[in-house]
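Fair warning: this is a prediction, and the values are worked out from it, not measured in the lab. Protein chains get the first letters and strands the later ones, always in sequence-line order, with residue 1 at the start of each.
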Amino acid sequence: MSRIQTTFDKLKQQQRRALIPFFTAGDPKPAITVPLLHAMVAAGADVIELGVPFSDPMADGPTIQRASERALKHGMSLRGVLDMVAEFRKQDSTTPLVLMGYGNPIEAMGWETFARRCAEVGVDGVLTVDFPPEESHEAFEHLQAHGIDPIFLIAPTTNEARIELVARLARGYVYYVSLKGVTGAGNLDLSDIAHKIPQLRKHIRLPIGVGFGIRDAATAHAVSKLCDGVVVGSRIVQEIENSSEQKVLENVAKLVRELRVAIDQA
Amino acid sequence: MYNFPDSSGHFGPYGGIYMAETLIPAVEELRSQYLRFRDDAEFKAEFAYELKHYVGRPSPIYHAKRLSDDLGGAQIYLKREDLNHTGAHKINNAIGQALLAKRMGKKRVIAETGAGMHGVATATVAARFGMECVVYMGAEDIQRQAPNVFRMKLLGATVVPVESGSKTLKDACNEAIRDWVTNVESTFYIFGTAAGPHPYPMMVRDFQCVIGNEAKVQMPEMIGRQPDAVIACVGGGSNAIGMFYPYIEEKNVRIIGVEAGGHGVGSGAHAAPLTANAKVGVLHGNKVYLMQDENGQIIETHSISAGLDYPGVGPEHCLLKDLGRAEYVAITDDEALAAFDALCRFEGIIPALESSHALAHAMKIAPGMARDKVLLVNLSGRGDKDMNTVARIKGITL
């Protein structure tokens, strides 16, 4: 059984929701990434989405764009991210890790090599923002062959036929994008999420995570009541950006703990 | 029989719909609406009317006789897209998409622009049809193309400088996509070139094909036959595909696309993914030959011409290269500038720096050809917008 499924099964038994923080690998420096992963787990993260930096992050707002730029400036690459996962796994063999990013760095490496390396180092899922199901045949084939879960996005604009399409292909969990916009925008609509999640449940048996626009503990709490997992990205990246090198681990851990408490609240 | 794209928007291994999920329903809606109106008699009549009475089509073909005589070889003919309203071929596509936007009930249009010609064309049609218009333009290009920025503002558009990345066309595309994903229900993205997610490469090609279709009628009228080669510059490749597509089945006509060689393809500082045999990759919604580093990060390109300064190229050009039906070559900044000067002095025509690349290649091969051979160059735009750039290179302060 995959780490992602094990994690969500366990949370379900405990009647808890997953906390899924996101940050960009290599931001602000590669040396901080593995310590950050461990700090997040210690502070209560259930699954971590690790961003693979890309030169042209079209689906991201300014905060994650800047994180990508900082990471690339320090020579971060997909190879480097995979090495970081291997390093993380030396001390943590249970927390699921999902790589999230754009398709071209993977295309450049080749899907077969990438999927094999993911399995070797202990990546559990891969979310490729700009590869919709229609263009994911090759990706799907190689990820499946190596036991890596392809994670897909569903948006407020996704119609029922496409929800079914995603339901057929997705493994691990499904990521519901809670707003029309880029990451870090601030116009999340709780009533839309409350309306949409039951629609998704008609077709999707996998856990459903919700993200984009969750900027504080109160929103995380409210969203957690509607789904199986809460993804927090830009807010965490902002914390990394605003913290000094000495304080970054402490500040991010504090933020993750606050989110954890909020999500676990009745 | 050449028939691309397929129903899923692929040109062989190229093209596709590589977009974030939020936009997939929007491109699907666009595709179904475009297919509905493409063959609609009323739509076609309105498009033809606008092209004739607003753009001033058909654009003439002109025999550059003094220039040809000086070169002493093949005869160079120019398809005068520079004489279109707004000064370039971009208006053909902008009108087509604006008519579609109108039918889809969209009141707000957005666009990316490099040299500013597509931005001006979009601002123009937005004024013409009473739509709100926002144009994204790289901060560096805003410097290079100041007159076009002012034109867009005069036409009522909001020009948003893009400060991210290399501050050029690709970054303007990123920012326009971010706007679209945020305002997807109210907004029509008037994409400027024959690239991007399906249906854009097909739709832009179809709207631009008026160039090649006219030429196929005009050339026999002028010289009694089709030319020996058609030549056009290729950035994303919309003027080129508009000229080339109607000639694909004309097996005796050579098709030559001219990319921006910058400081030379060997130097690395260029924008010629086809000529340089760049690795295939995914950017801005499609899979194409793409300039990137070994880690799949998109690299900064260089060209004297902002309109060609782009790391990718339209998917249909990628396929035509693989099929061997079209040849792709590169022309350096210096060669393009020499052609620019030559056309000014020999023919009294100031070409755009983009179009100067196509002309430069014609001037390069003409002397080695017989005098009865004919090269048809698509003069895709006029050079008024390039006065600052050319003056700076010549060390002149305007």
Step by step, would you call A/Phe152 with B/Glu21 a side-chain contact (heavy atoms from CB on, under 4.5 Å)? CA-CA 9 Å; A/Phe152 286 99; B/Glu21 178 60 32; over 6 Å; no
d(B/Asn286 CG, A/Asp130 CG) to nearest 0.5 Å is 11.0 Å
Turns out that what part of B/Glu294 lies under 4.5 Å from chain A's heavy atoms comes down to backbone
Counting only heavy atoms closer than 4.5 Å, note whether B/Ile299 contacts chain A via side chain, backbone, both or neither. neither
In terms of heavy-atom proximity below 4.5 Å to chain A, should B/His284 be classed as side chain, backbone, both, or neither? both
Relative to chain B, which of A/Arg79, A/Arg162, A/Glu134, A/Met109 shows the most heavy atom pairs under 4.5 Å? A/Arg162
With distance as the sole test, does B/Arg178 use its side chain to make a donor-acceptor pair with the main-chain N or O of A/Asp60 at under 3.5 Å? yes
Sidechain-backbone polar pair: A/Ser55 side chain, B/Ile298 backbone, donor-acceptor under 3.5 Å: yes
Let's test your reading of the structure: which of B/Leu283, B/Val184, B/Ile17, B/Asp293 forms the most heavy-atom pairs below 4.5 Å with chain A? B/Ile17
Gap between atom CG of A/Leu78 and atom CD of B/Gln297 - 0.5 Å precision: 9.0 Å
Hey, is B/Lys287 close enough to A/Glu135 for a salt bridge, meaning N to O under 4.0 Å? no
So how far is it from B/Glu28 CD to A/Thr157 OG1, rounded to the nearest 0.5 Å? 10.0 Å
Got a salt bridge between A/Glu107 and B/Lys279, using NZ or NE/NH1/NH2 to carboxylate O under 4.0 Å? no
Chain B contact via A/Leu153 - which portion, at a heavy-atom distance below 4.5 Å: both
Is any residue of residues 61-76 of chain A within less than 4.5 Å of chain B by heavy atoms, and which ones? A/Gln65, A/Glu69, A/Leu72
Taking non-hydrogen atoms and a cut-off under 4.5 angstrom, which of residues 176-183 of chain A neighbour chain B? A/Val177, A/Lys180, A/Gly181, A/Val182
B/Ile24 versus chain A, heavy atoms under 4.5 Å apart: side chain, backbone, both or neither? side chain
Let me see the working for B/Val282 and A/Phe131 under side-chain contact (heavy atoms from CB on, under 4.5 Å), right down to the final yes or no. CA-CA 9 Å; B/Val282 172; A/Phe131 277 48; 3.9 Å; yes
Does A/Asn104 use its side chain to pair, donor to acceptor, with the backbone of B/Gly296 at less than 3.5 Å? yes
Counting distance only, does the side-chain N/O of B/Thr22 pair as donor-acceptor with the main-chain N or O of A/Ala155 below 3.5 Å? no
